[in-house]
A.B. asks: 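This structure is in structure tokens; I'll ask about it shortly.
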There are 2 protein chains.
Amino acid sequence: MRDVAAAAGVSTMTVSNVLSGRRPVSEETRAAVLGAVERLGYQVNVAARSLRRGRTGVVGLAVPALDSPYFSQLAGRLVERLAREGLRVVVEQTGASREGEAAAVRDSRVNAYDGLVLSAVGLGAGDVRALAGDLPVVALGERQDLRRVDHVGMANVEGARAAAGLLLERGCRRLAVVGSPPWDRLDEPGDHGGDAFRLRALGAREAVRAVPAASARALAPGTLLEDGVRCGRELALAADPVDGVVALTDTLALGVLRGLADAGLRVPDDVLVVGFDDVREASASVPSLSTVSPGHDEMVEAVVRLLLRRMADPAAEPEEVFGPFVLLERESTRPAGRSLAPGR
Amino acid sequence: MRDVAAAAGVSTMTVSNVLSGRRPVSEETRAAVLGAVERLGYQVNVAARSLRRGRTGVVGLAVPALDSPYFSQLAGRLVERLAREGLRVVVEQTGASREGEAAAVRDSRVNAYDGLVLSAVGLGAGDVRALAGDLPVVALGERQDLRRVDHVGMANVEGARAAAGLLLERGCRRLAVVGSPPWDRLDEPGDHGGDAFRLRALGAREAVRAVPAASARALAPGTLLEDGVRCGRELALAADPVDGVVALTDTLALGVLRGLADAGLRVPDDVLVVGFDDVREASASVPSLSTVSPGHDEMVEAVVRLLLRRMADPAAEPEEVFGPFVLLERESTRPAGRSLAPGR
DNA sequence: CGAGGTCGGTTTATCGATACAACAGCCGGA
DNA sequence: TCCGGCTGTTGTATCGATAAACCGACCTCG
């Protein structure tokens, strides 16, 4: 910067002012500075700027795994949206573990990110607050037990109730809820209360209990596509067959579709299936997957708003935002015989 | 750091040495320092460290889009692998455009990343060299026209040849190559020579030409899942039917499966389909998708090796590495009637 | 016995940008 | 003529960590 200043015949401070726009500079000197910058190919050193300013312009995004459609699609949206605010995003993978998430929070502080978007599965609000200290954090994707951290959630209970409700309405009476913790442990808030699976399972259970003739079993095979496949196979081969499957994520649902197919069961002729998340792939599977679509865009907007707000005002009162949901019906729950227009 | 030094009764430099491990420190002072660090809750300021060291410990990863399975799965692998080298990864989305990629390279310099992994689709090696300057860059995923930049590629031509060969071997004679540029323009290196689609198309064409009775048409609908769906529908409704589809990416292939289903065509009974990339979803589609699996792990290892090498020695001779490939046969190309063990 | 090496530690001078206070002109009003 | 207020510009201290040189004290080896 000193070289540029010399070349333009001004002080370094003036160069700084031109480049950051913090203080007004006369048109002619400004032109001279920009000319010199161009000529010398100068670029500001972000490390030095960060050191002095105390901010980095980088926010962390911690997700359980990047290679899952829901999170990678979320990451894509968020990266793009935050770029418009002049913020870069670094992605951390937590492996869906408490330790991984704690490490991500620590990392964010060590690396002096300006903020962190944490898609927490293991950490509760208490932990987050304790670990984060003064780091702005927005929790994402599930209800936190305490109201002490900014949080963007989705309508887990309501969405899952609607999903299960759809199957019941379509005539299913013997359901499986894939991804659900044991049926009788849903009411305890769990380790840190409120993971998405528990809440969604709760919603599904509500719907089932509202129909006397209906029964359901809970299955928690894991969260991967392969887990869904395995689960679908087991369901198909089980002694007592099911006629409807509520999968608590689309990834599981897509796996279930595959698993059922392995065993020769047809969807929706023999079994109906509904998912949750509305990932891209759900619209293009065979059969296409009915699913609960949380308001992706609304949630991203809310995350950005809360994050910027807290970065601006660390003392702001924590806020919770819940996105809307829409139940999308596709082939996987159409009663046999009723066809549908292609593409939805 | 000064406070810690005071609390431990040593100099700041000793604290620095304890924390960075650059120079040996006696066991007792080390303990005293760590104690003070713990007690005061001290954390190093990375901005200051970066300023002084001239390195940031961050590398960029520029991909066309995060929400595509291939790239998000790649990103996941790379994030994880580079973490083991003590490097963080920030992800940029280029939108598959020349400008986006150029911006990513510029950004990497502005933000002083230590290196960049560039999954280039628009930029040629010449551009990369010019833009990158002294920034260590490893290009990924397609053959570069010139040998002037480190590059990890896959067996595009050979893999696609094998894929098309499989269909021909299975008796297909009227193929479609989805994602292929116009058949007669494959030999020109294009704008900057060697995008993956062109090379894969070349491979497919070679296989087709080797069988006199076989013919093929090229279709380039785009790269998204939806593009594949549309294409599948069009193929199904076309006046002259096809009996085999080579889709140049799995994402397109999965879309094609859906599009064909929309029109009532069955895979593999009416049409065989093969993809390329071996994304996770390919193993769990209905029918499961035969595909060309590039050596994912080998490629990631190669990227890491080349990147570290160049970061250590900017003057090293550029190197090219090509991964192996394996053709995985699944349901989508099994001749009708021949069933298969579940899971593959 | 002296040259040279190792060990654990300190001192000092940066890295590059920016906050802040100070200051030089200049204008309008008293 | 002088003064307060404005605009545009500059000097300088500072952000926090670390590379490099340096310092005793002790050891080794020819």
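On a predicted model such as this, the values are computed, not experimentally measured, just so you know. So you know, we letter chains A, B, ... as the sequences are listed, proteins then strands, and number each from 1.
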A.B. asks: Just to confirm, is there a sub-4.0 Å distance from OP1 or OP2 of C/dT10 to any side-chain nitrogen or oxygen of B/Thr14?
C.D. replies: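 Yes, such a contact exists.
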A.B. asks: Over how many whole Å does the gap from B/Met1 atom CE to C/dT10 atom C1' extend?
C.D. replies: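 Atom-to-atom, B/Met1 to C/dT10, this comes out as 14 Å.
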A.B. asks: Want to settle it: does A/Asn17 or B/Thr12 sit nearer the 5' end of DNA chain D, counting the closest nucleotide to each?
C.D. replies: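 Whichever sits nearer the 5' end wins; that is A/Asn17.
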A.B. asks: List in numerical order all residues of residues 22-31 of chain A for which some heavy atom is under 4.0 Å away from an atom belonging to DNA chain D.
C.D. replies: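 Residues of residues 22-31 of chain A under 4.0 Å from DNA chain D: A/Arg23, A/Pro24, A/Val25, A/Ser26, A/Thr29.
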A.B. asks: Would you say the side chain of B/Arg310 lies within less than 4.5 Å of the side chain of B/Glu319, judging by non-hydrogen atoms?
C.D. replies: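 The answer is no, as the side chains (C-beta and beyond) never meet within the 4.5 Å cut-off.
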A.B. asks: May I ask you to check whether A/Ser72 and B/Asp67 show a side-chain donor-acceptor distance below 3.5 Å?
C.D. replies: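 No, because no side-chain N or O of A/Ser72 sits under 3.5 Å from a partner of the opposite role on B/Asp67.
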A.B. asks: Please determine whether a side-chain nitrogen of the Lys or Arg among B/Arg77 and B/Asp297 lies less than 4.0 Å from a carboxylate oxygen of the Asp or Glu.
C.D. replies: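 Salt bridge between B/Arg77 and B/Asp297, a charged N being under 4.0 Å from a carboxylate O: no.
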A.B. asks: Are any non-hydrogen side-chain atoms of A/Thr56 and A/Ser50 less than 4.5 angstrom apart?
C.D. replies: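 Answer yes - side chains close enough.
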A.B. asks: On DNA chain D, which is the earliest and which the latest nucleotide, 5' to 3', with an atom closer than 4.0 Å to a heavy atom of chain B?
C.D. replies: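 Terminal contacting nucleotides, 5' to 3': D/dG16 to D/dA21.
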A.B. asks: Identify whether any heavy atom of A/Val15 sits under 4.0 Å from a base atom; if not, whether one sits that close to sugar-phosphate; answer base, sugar-phosphate or nothing.
C.D. replies: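 Here A/Val15 touches no strand at all.
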A.B. asks: Flag the pair A/Pro314 / A/Pro136 as yes when at least one side-chain heavy-atom distance between them is below 4.5 Å, and no otherwise.
C.D. replies: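 No, every pair of side-chain atoms sits at 4.5 Å or beyond.
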A.B. asks: Can you tell if the side chain of B/Val89 reaches within under 4.5 Å of the side chain of B/Val58, non-hydrogen atoms only?
C.D. replies: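 In short, these two side chains do not touch, never coming nearer than 4.5 Å.
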A.B. asks: Any ion pair linking B/Glu85 and B/Arg81 (charged N to carboxylate O, less than 4.0 Å)?
C.D. replies: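 So B/Arg81 pairs with B/Glu85 through a salt bridge.
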A.B. asks: What is the nucleic acid contact for B/Val46, judged by heavy atoms within less than 4.0 Å: base, sugar-phosphate only, or nothing?
C.D. replies: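 No contact.
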A.B. asks: The criterion is side chain to side chain donor-acceptor pair (under 3.5 Å); which residues satisfy it with B/Glu298, sequence neighbours excluded?
C.D. replies: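 Here no residue qualifies.
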